[in-house]
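Here's the structure we're looking at; comments come further down.
Along the sequence shown, the residues carry numbers beginning at 1.
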Amino acid sequence: MRNPPSATEVLSVSAADGTRLSAYRDTPARPCPGGATVVLVHGASVTADLWRVHARHLTSLGLTVMRYDQRAHGHTPCGQAPLTIRQLADDLHQILTHVVPAGPLVLAGHSLGALVLQELSALHPQHQARIWGMVLLSASARGATVLPGRDPRAWLLAAGRSLAALACTRAPRTVDFLRRRLPTTHPYSLAPHPDRPADGPPRCRHGIRHTHTRDLADLWQCLRRYQPRDATVLNQFGERLLLMAGADDRHIPAAHTKQLAAQLPAARLEILPRTTHALPIRHPALISDRIARLAAEPSPHHPPHPQDRSFPNSLPSGQFH
């Protein structure tokens with residue numbers, strides 16, 4: 001029998017610069033003894049609501065889930081600190097230190113969230129001993145690029161992204177002026193930041209509606225110039241590190257994830273066909289299943305066969321469509 005619905009608790013965690021990070025703890029009605037706490041880190045331009053379906057699935061299995069709105073997203077303001085990957089990793093460190101100070105962890109991040117987990121592993125090794133596993137979705141071993149490929153469509157996408165980035169960087173106030181006049185239902189509309197968080201994270205489409213264009217431009221420049229740290233620090237997780245990517249991803253091509261996997265010979269690699277950058281939204285049951293397996297108590301290490309780095313599939317083949 002599946003567990004009853006979980007309860008979502010809204011928390012506020014103080015970052016090192018005093019910024020209040022909005023976090024959400026989903027607690028199952030019937031916790032599974034001995035399981036790890038699952039910490040989910042969303043990507044750029046969305047909110048912790050990205051993981052709503054995953055949290056429901058994982059808590060139904062008796063697992064506690066921690067989600068949070070990253071700095072400059074959702075109910076978390078930009079704050080005074082520079083908007084860098086290092087700062088975002090330190091924010092996650094504060095979440096783990098103050099909200100999940102003890103017990104095993106399983107971490108999962110998508111896109112920007114995957115970069116934050118990579119940075120966390122390098123900068124805050126004190127957490128490593130209690131991390132049972134990690135799932136990196138749409139991960140990369142390089143900084144952001146406007147060009148997702150070499151075909152004509154990719155060049156058109158690159159041109160559009162370059163123009164948008166130029167406008168946001170050179171004329172942020174003008175872009176803000178236009179954003180304030182968009183319908184409130186538009187994902188890029190700009191609205192005043194609410195006085196207090198609601199009962200949970202804002203919907204993903206409202207991820208940056210309270211974030212000024214200058215801050216978005218700073219985040220983009222940070223991603224573009226980002227130099228990933230030595231990824232081999234992740235080798236300590238062995239086969240309990242899973243990399244997943246969509247074969248049709250136009251934001252972070254699967255080739256970038258494969259390049260990262262090449263540096264991590266023991267890690268699992270799973271490329272999903274006919275899947276775009278919306279990997280967590282397209283395959284929530286599949287991803288939740290992968291996370292849940294890692295959240296079970298670890299078994300002795302058994303290295304995968306060199307020619308088989310895929311994660312064993314226990315779900316119906318239809319989940320990959």
Side-chain angles (χ1 to χ4, degrees), residues 15-22 41-50 68-92 109-116 118-119 138-140 142-148 154-194 201-228 249-253 256 277-278:
D17 68 336
T19 300
R20 304 304 296 181
L21 308 171
S22 293
V41 188
H42 69 77
S45 302
V46 294
T47 73
D49 184 62
L50 175 75
Y68 70 103
D69 294 331
Q70 292 215 65
R71 184 180 293 259
H73 291 76
H75 289 310
T76 298
C78 183
Q80 299 300 315
L83 198 54
T84 64
I85 306 300
R86 184 188 184 101
Q87 179 60 57
L88 296 179
D90 188 69
D91 290 345
L92 177 54
H110 174 239
S111 192
L112 170 64
L115 276 183
V116 170
Q118 292 169 242
E119 190 85 349
S138 303
S140 177
R142 61 174 72 178
T145 176
V146 296
L147 184 62
W155 286 103
L156 288 174
L157 284 172
R161 291 171 181 173
S162 297
L163 288 174
L166 182 64
C168 292
T169 302
R170 298 296 180 86
R173 292 184 179 180
T174 301
V175 177
D176 279 348
F177 176 84
L178 297 173
R179 290 176 63 198
R180 289 190 183 97
R181 280 147 184 80
L182 290 172
T184 56
T185 55
H186 196 283
Y188 293 109
S189 66
L190 182 61
H193 206 281
R203 292 298 179 93
C204 284
R205 65 177 179 272
H206 294 156
I208 54 172
R209 68 175 302 162
H210 307 305
T211 305
H212 286 87
T213 300
R214 168 56 65 190
D215 296 325
L216 296 177
D218 289 345
L219 178 61
W220 163 248
Q221 293 298 332
C222 170
L223 289 170
R224 188 177 66 84
R225 298 168 181 166
Y226 179 65
Q227 296 294 325
D249 193 329
R250 288 281 181 172
H251 291 273
I252 299 178
H256 291 193
H277 195 66

If we only count heavy atoms from C-beta on, is the [X] to [Y] side-chain gap below 4.5 Å?
{"X": "D218", "Y": "P82", "value": "no"}
{"X": "T76", "Y": "Y68", "value": "no"}
{"X": "R179", "Y": "D176", "value": "yes"}

request  = Classify the side-chain pair D49/T47 by whether it contains a donor and acceptor separated by less than 3.5 Å.
outcome  = no
R209 and H206 side chains, donor-acceptor separation under 3.5 Å = yes
Looking at every heavy atom in both [X] and [Y], which two are closest together, and how far apart are they?
{"X": "P201", "Y": "H75", "result": "CA-CD2, 4.2 Å"}
{"X": "Y226", "Y": "E119", "result": "OH-OE1, 2.6 Å"}
{"X": "C222", "Y": "T84", "result": "SG-CA, 3.4 Å"}
{"X": "A81", "Y": "R71", "result": "CB-NH1, 3.9 Å"}
{"X": "V46", "Y": "H42", "result": "O-CE1, 3.4 Å"}
{"X": "A139", "Y": "Q118", "result": "CB-OE1, 4.0 Å"}

Once rounded to the nearest 0.5 Å, what's the spacing between atom [atom1] of [X] and atom [atom2] of [Y]?
{"X": "L216", "Y": "C78", "atom1": "CG", "atom2": "SG", "result": "9.0 Å"}
{"X": "Q87", "Y": "D17", "atom1": "CD", "atom2": "CG", "result": "5.5 Å"}
{"X": "T169", "Y": "W220", "atom1": "OG1", "atom2": "CH2", "result": "9.5 Å"}

message = So if I apply the side chain to side chain contact (heavy atoms under 4.5 Å, CB included) rule between S140 and each of L223, L112, I252, which one comes out positive?
response = I252
remark   = Per side chain to side chain contact (heavy atoms under 4.5 Å, CB included), Q70 is matched among L83, D91, L219, L88 by L88
ask   = Short question: side chain of H73, backbone of I208 - any donor-acceptor pair under 3.5 Å?
value = no
task = Is it possible for you to check whether R173 lies under 6.0 Å from the centre of the six-membered ring of F177, through NZ or CZ, and within 45° of that ring's axis?
result = no
request  = Check whether more than 12 heavy atoms from other residues, nucleotides or ligands sit under 6.0 Å from atom CZ of R86, and answer yes or no.
outcome  = no
query = Using the ring of each side chain (for Trp, its six-membered ring), is H277 parallel, tilted or perpendicular to H110, with breaks at 30° and 60°?
reply = tilted
